[in-house]
Amino acid sequence: MRQAVRSGWARIWDRLAASDPGLLRLTAGLRTVAAIALTLAVLGLLRVPVPQLVAGAIAAMVSTFAIREKQRSAQAVTLALGLVVALASVSLGALLNQQIVGGDLFFVALIFCAVYGRRFGDRGTALGLIGFQVYFLSLFVHATTSTLAALYGVIGVAFGCSALVRFVLLPETPAGTLDRLRRAFRARLGQLIASQIDLLDAGPGEVDKVLEDLRTRTARLHETALMIQGRLEDGTSDEATARQLQRRIADAEIAAERLGLLLLTARSAERTDTLTLHLPGAALPSGGRLPVRDEASAVLRRDLEALRLLVQRPLGEASGTALAQVRNRLLGYREEENLPDASPAAQDVFRGLGETARAVLGLRTALEGPQDESDDSPATARSREELDAEDVAIEVSEESEREEVGPTGLKRPTTRAAVQVAVGSSLAIAGGELLSSQRWYWAVLTCWIVFINTASTGEILVKGYRRLVGTVLGVVAGIGLAGLVGHHTWTAFGLVLLFVFAMFYTAPLSYTLMSFFVTAMLGLLYTLLNTYTAAVLVLRVEETALGAACGVIAAALVLPINTDRRTNELLVEVLERLADVTRAAVEQLSGGSGAGLVERARELDQALADLRAATQPLTHPITPLRSRRDTARYVVALLETCAYHARSLAATAELLPTHPAIAADPRLRGACGRILHNIEAIAAHVRDPRSRSEIETGPSIASMLEPGTLRTPRYGRVTDRVLRHLQRLDEAVSGLARPLGAGTAAVQPKQK
């Protein structure tokens, strides 16, 4: 009974981990709520007045969410410095509160410094946020010199409670966060395999929905892998361990994605293009036909369920004879003689099952250490030997850091953003004063917020729109809640805590939802301060609209970076990273040397994630330029396809020194030349549309290889797989030319 309860709880925890990788949103929400609740409890015992309770709640919230550093020692230093900044900020706020011109000028200068401080990393960002938000706090509670001493005490209590929660009650360590992210990766991998099973069973009317779920879960698995990548250095004991885990995560991700592609091909009546898995709305070829129901498909479904069982089995419970037999059967599909009698496409799926099972075995070994080998079959023992050889080959290499000179002066992103937000805030102050001489700061707050984590005019416009929608909905909720709560102080504070948690939990998912909870919470705070009226909340909507408009105007007129320019810069970055990964992978597959291929692939993934975020204004549902939206989606999907094949090439190349199935082939170096030329030609065209660089087309990659003898692989068709990845990469890169407007020139093969 106890074992069943434990297993059930582990499965529930895995589902939560999959929906919130690393439990980062849950932790952020709980920590902030706990800091506010503890602050209110302490201040309540001291019987401070309600305005000071509100000030304490805001200070506790700011001192908790502003600090983003991973190491506890760095967090402690930033928190101590933040207290000094907060006391200075509230002092200046109280002194300048009644001096309209002086106060406004200082507020604009403070905003400039807070945004400019982002160039100094997490600590500069945190101190800037604390300085701005605490000055805003002083305006919100109408701080004066007579209340300054009390506010010092309130802020000190808030920072102390925040430290107690952060370091004692709800501590967070890099190793703990990484462990939860690894659990999330395993849970999301299990969910992806479940979608692949659904795809195998889906009828004609269900295939589109299942295919969309498959795309979503593939993207979520990739997102979690990137999050793990960002935590490896701080969360592991040494660099060798970090590299091993990085390698195993990459192997599992690539194997699972490849299994999905093989299933798509087996599910359709023809070869399925890789783009099907990456382009939203793309149809599955022959998706309208009924799924095949034969003995091979029944075995395939059974083994997919078995693979999902292996993946989802809680850590420490993956032992036992039955599970060992399942694992042995799946790993046996890596041997040609163990493949069932089926169509070539179905046999490819079984091979993919074997490779995915091997990746899962490597992932479990990296997470849990040595496994019980007593029930291993010869195929499983051989897979373990390969994994052990790969682990031994992972050597810690110190790569020389390239010191790159970034832009300076007004070209530096932080300087540009600081100037823009200062100008926008000046406009917001002027306009806000016309709307209300008491609450003009709401316009400034909105202008400030729309500039956070944005880099182009389009991004600011979309963020301002979402904030306005959330604010309007929050006003409606705030009016209703204020009437229900009345003057029940602690009931109102309880709801405030609930909304704070919801605000932090939903922030990464929906900026509109976050704005809704913020506005609803403010309605309750106004009720506590006895300043609530429906007109106040309506004024909040007006000030929000004004602040968003001022932000957009400043971004469009002052040192502007339009969305096209921003996306073009990021597109060039993605293409350069793609060429870098492809060149290094093919060089190693051709017999040369390559270093840090998995790291290079992750740099490509991060650049692509930045581009995907920057194209949101172009792909937003409300955009009137439908053809432009479709083009942006198509280009990003093509690049995701390119990144998948580049990752696969990099992962295969890293196996070369230790894997007996992979032989270096010098001819690959020449076959890759056209791909690299085309990537560079497209990048040149994006930089300068007048560029005369043209992409080359010609025979397939396989036909470009000179005749010769290839070493026959013992355990699979790895050389064929490399050629398939190169061919698909060549097709995807060539496909980028049309939507991006690059010229094309047909090239005939050289005669010898």
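Counting all heavy atoms, side chain and backbone alike, Val90 lies closest to Leu148 at O-CD1, 3.7 Å. Nearest heavy atoms, Ser138 versus Gly93: OG-CA, 3.5 Å. In plain terms, the two heavy atoms of Ala158 and Ala60 that are nearest each other are CB-N, 3.6 Å. Nearest heavy atom pair, residue Trp448 against residue Gly128, reads CH2-O, 4.3 Å. Between Ile111 and Ser425, the shortest heavy-atom distance links the atoms CD1-OG, 3.4 Å. Taking each heavy atom of Val572 and Ala683 in turn, the nearest pair found is CG2-O, 4.0 Å.
Each of Thr615, Val686, Val635 was checked for a side chain to side chain contact (heavy atoms under 4.5 Å, CB included) with Thr567, and the lone residue meeting it is Thr615. Looking at Leu87, Val62, Leu83 one by one, the single match for side chain to side chain contact (heavy atoms under 4.5 Å, CB included) with Phe159 turns out to be Leu83. Screening Val541, Val538, Thr519, Thr512 against Val472 for a side chain to side chain contact (heavy atoms under 4.5 Å, CB included) leaves a single residue, Val541.
Between the side chains of Ser162 and Thr64, at least one donor N or O lies within less than 3.5 Å of an accepting N or O. Glu69 and Thr78 form a side-chain donor-acceptor contact under 3.5 Å, judged by distance and modelled atom types alone. No side-chain donor-acceptor contact under 3.5 Å links Thr446 and Glu543.
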(message) Would Tyr135 and Phe106 count as a ring-ring contact (aromatic ring centres under 6.0 Å, His included) here? Give the steps.
(response) CA-CA 10 Å; Tyr135 191 87; Phe106 174 76; 5.4 Å; yes
(request) Go through the steps for Asp605 and Arg602 under the test side chain to side chain contact (heavy atoms under 4.5 Å, CB included), then give the verdict. (result) CA-CA 5 Å; Asp605 290 335; Arg602 287 307 172 196; 2.8 Å; yes
(message) Assess the residue pair Leu26 and Phe501 against the criterion (side chain to side chain contact (heavy atoms under 4.5 Å, CB included)); give the C-alpha distance rounded to whole Å, side-chain angles, the decisive distance to 0.1 Å, and a yes or no.
(response) CA-CA 8 Å; Leu26 179 67; Phe501 175 81; 3.7 Å; yes
(message) Could you go through Leu79 and Gln75, starting from their C-alpha distance and side-chain angles, then the distance that decides it, and tell me whether this counts as side chain to side chain contact (heavy atoms under 4.5 Å, CB included)?
(response) CA-CA 6 Å; Leu79 192 62; Gln75 293 174 8; over 6 Å; no
(message) If you apply the rule salt bridge (Lys or Arg N to Asp or Glu O under 4.0 Å), what do you find for Glu576 with Arg687, and how did you get there?
(response) CA-CA 12 Å; Glu576 289 175 347; Arg687 288 192 201 95; 2.8 Å; yes
(request) Check step by step if side chain to side chain contact (heavy atoms under 4.5 Å, CB included) holds for Tyr116 and Thr415. (result) CA-CA 6 Å; Tyr116 186 77; Thr415 307; 3.2 Å; yes
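The pair Arg215-Glu212 meets the salt-bridge criterion, with a side-chain N (NZ, NE, NH1 or NH2) lying under 4.0 Å from an Asp/Glu carboxylate O. Between Arg68 and Asp122 there is no salt bridge, since no side-chain N of the basic residue sits under 4.0 Å from a carboxylate O of the acidic one.
Taken to the nearest 0.5 Å, the CG atom of Leu53 stands 12.5 Å off from the CD1 atom of Ile36. Note that CG of Leu638 and CG of Leu740 are 8.5 Å apart. Values are rounded to the nearest 0.5 Å. Atom-to-atom distance recorded for Leu546:CG and Cys550:SG is 4.0 Å, nearest 0.5 angstrom. In this structure, CG in Leu497 is found 10.0 Å from CE in Met521, a value given to the nearest 0.5 Å. Here Met61 contributes atom CE and Leu137 contributes atom CG; the two are 9.0 Å apart, rounded to the nearest 0.5 Å. Atom CG in Asp104 sits 4.5 Å away from atom CD1 in Ile429 (nearest 0.5 Å).
Put simply, the side chain of Met227 reaches to within 4.5 Å of the side chain of Glu223, judged on heavy atoms. Using a 4.5 Å heavy-atom cutoff, the side chains of Val165 and Thr32 are not in contact. Using a 4.5 Å heavy-atom threshold, the side chains of Glu172 and Arg180 count as touching. Leu24 places a side-chain heavy atom less than 4.5 Å from the side chain of Arg231. Between Cys113 and Phe132, every side-chain heavy-atom pair lies at or beyond the 4.5 Å cut-off. Counting heavy atoms from C-beta outward, Val462 and Tyr511 have side chains that stay 4.5 Å or more apart. The side-chain heavy atoms of Leu445 and Trp442, taken from C-beta on, include a pair separated by under 4.5 Å. Here the side chains of Cys161 and Val157 are in contact, with some heavy-atom distance below 4.5 Å.
Phe140 and Phe136 have parallel rings, their planes meeting at less than 30° on a 0 to 90° scale where 60° marks the start of perpendicular.
Within the structure, every pair that satisfies the salt bridge (charged side-chain N to carboxylate O under 4.0 Å, His left out) test and touches residues 608-619, not counting sequence neighbours, is listed here: Arg612-Glu640.
Not a single donor-acceptor pair under 3.5 Å links the side chain of Ser437 to the backbone N or O of Glu433. Using a distance-only test at 3.5 Å, with no hydrogens or angles considered, no donor-acceptor pair links the side chain of Arg220 to the main chain of Arg188. Side-chain atoms of Arg467 never come within 3.5 Å of backbone atoms of Thr544 as a donor-acceptor pair (strictly under, hydrogens ignored). A donor-acceptor contact shorter than 3.5 Å is absent between the side chain of Arg166 and the backbone of Ala35.
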